[in-house]
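Down below is the structure, laid out as structure tokens.
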Amino acid sequence: MTYPALILHQNKTHAVKRFHPWVFSGAVKQKEGNPQQGDVVEILSEQGEYLGTGHFGTGSVSARIFSFEKVSSLPELWQQKFQRAYQVRIAARLAESERTNAYRLIHAEGDGMPGLIVDWYNGTAVIQCHSNGMNREKENFVAALKSVYGNKLKAVYDKSAASLHHKDSSEPVKGTDGYLFGTLGEKTILENNLRFSVDWELGQKTGFFIDQRDNRSLLARYVSGKKVLNTFCYSGGFSVYAMKAGATLVHSVDSSAKAIEWTDENIALNGSAEGKHESYCADVFDFLKDSNEQYDLIVLDPPAFAKGQAARHSAIKAYTRLNHEAFRKIKKGGIVFTFSCSQVVNQEMFEGAITSAAIESSRDIRIIHRLSQAADHPVSIYNPEALYLKGLALYVE
């Protein structure tokens with residue numbers, strides 16, 4: 001099959017030849033075949049050398065490459081990529097695990113499929129497309145999921161409507177979330193033998209923050225006999241781990257009443273927490289400012305403070321303010337788990353914000369762990385910018 005083509009300037013081919021999956025608009029010398037938003041295009045040098053195949057975009061990124069080899073059949077390519085991704089999850093001891101039955105199967109560029117997220121929840125696969133090109137391929141993705149999982153696959157839910165206001169499109173694709181295969185089934189998952197109810201229909205992203213799995217496990221090492229504050233708690237992941245690991249008191253805070261309902265439900269799923277867990281539907285900044293409680297361990301896991309470059313400066317200020325408030329509330333010898341999921345705020349910027357907060361607090365603070373996303377959220381070595389979750393575990397004197 002012949003695809004439209006993007007011809008790159010002679011001095012702009014180096015990144016693609018080094019397998020970086022993004023072609024920026026300034027690298028494109030000319031277009032052939034009149035490609036439209038979401039179309040499959042081939043990337044060529046001025047001499048006609050084939051460089052890659054990807055989806056065309058009308059914004060600052062003109063193409064997101066999903067193959068550096070010629071593509072003869074898209075359905076076959078997707079089948080291969082889904083199978084390879086599944087093998088990575090087996091290697092990470094997630095797929096086919098008796099302790100955990102929820103994980104990310106496809107992580108966009110990390111699995112060679114820019115613009116696509118697929119999460120597995122105990123028999124239900126939740127698809128979230130972030131590009132028009134991937135949105136067109138959903139039927140092929142359902143076929144690939146059936147090939148990978150066989151009769152283990154009970155349903156495929158499309159959660160793409162909100163995410164298709166894509167950054168590289170001035171003409172967003174409108175869609176309606178719904179089941180592409182099967183119907184609503186089991187919504188309780190296991191993560192490290194802990195139980196969680198996941199609402200992929202109403203919840204944020206695909207329903208659960210799978211990327212924090214390893215960090216929740218790490219937190220469990222530090223909470224026995226401690227008072228714990230979990231801010232921006234969403235559905236209570238860190239709170240459940242803290243309760244089961246022997247925390248004496250856990251406070252969960254989120255501004256969403258629905259999030260507090262989910263947190264209480266997940267706490268209850270894992271046994272009685274009478275007198276040990278309290279939920280607060282409140283603004284986190286206000287809670288930290290007004291509360292008189294002092295904690296042994298605090299979790300700061302806010303939503304992305306910056307969705308784009310324009311908001312980066314205000315996001316850094318927000319991270320500084322948030323962490324400064326936490327340093328006021330943490331006991332001597334306490335630990336703060338602090339995170340940023342803002343992709344435009346890199347590790348250096350995030351640590352700079354934490355350093356500013358530490359200086360303002362005048363406390364002796366040491367980094368004991370640098371934290372990131374779990375292994376089922378891989379980052380291509382050729383695309384390090386895709387690392388989005390950054391975190392620090394801090395010991396506060």
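The chain is numbered in sequence order, starting from 1.
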I'd like to know if [X] and [Y] make a salt bridge, using a cut-off of under 4.0 Å between side-chain N and carboxylate O.
X      : Y      : value
Glu186 : Lys154 : no
Arg99  : Glu191 : no
Glu265 : Arg195 : no
Lys390 : Glu351 : no
Glu46  : Lys29  : yes
Asp39  : Arg136 : yes
Asp211 : Arg213 : no
Lys81  : Asp111 : no

If you measure only the distance, is there a donor-acceptor pair under 3.5 Å linking the side chains of [X] and [Y]?
X      : Y      : result
Gln37  : Thr58  : yes
Tyr319 : Ser342 : yes
Trp22  : Glu109 : yes
Glu385 : Asn383 : yes

### Query
Does NZ or CZ of Lys159 fall inside the cone over Trp200's six-membered ring, less than 6.0 Å from its centre and within 45° of the axis?
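So Lys159 doesn't make the cation-pi contact.
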### Message
Both conditions, 6.0 Å and 45 degrees, for the charged tip of Arg321 above the ring of Phe285: are they met here?
### Response
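Geometry flag: set, cation within 6.0 Å and 45°.
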### Message
For Trp120, is there any backbone N or O sitting under 3.5 Å from a side-chain donor or acceptor partner on Arg104?
### Response
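A pair under 3.5 Å: no.
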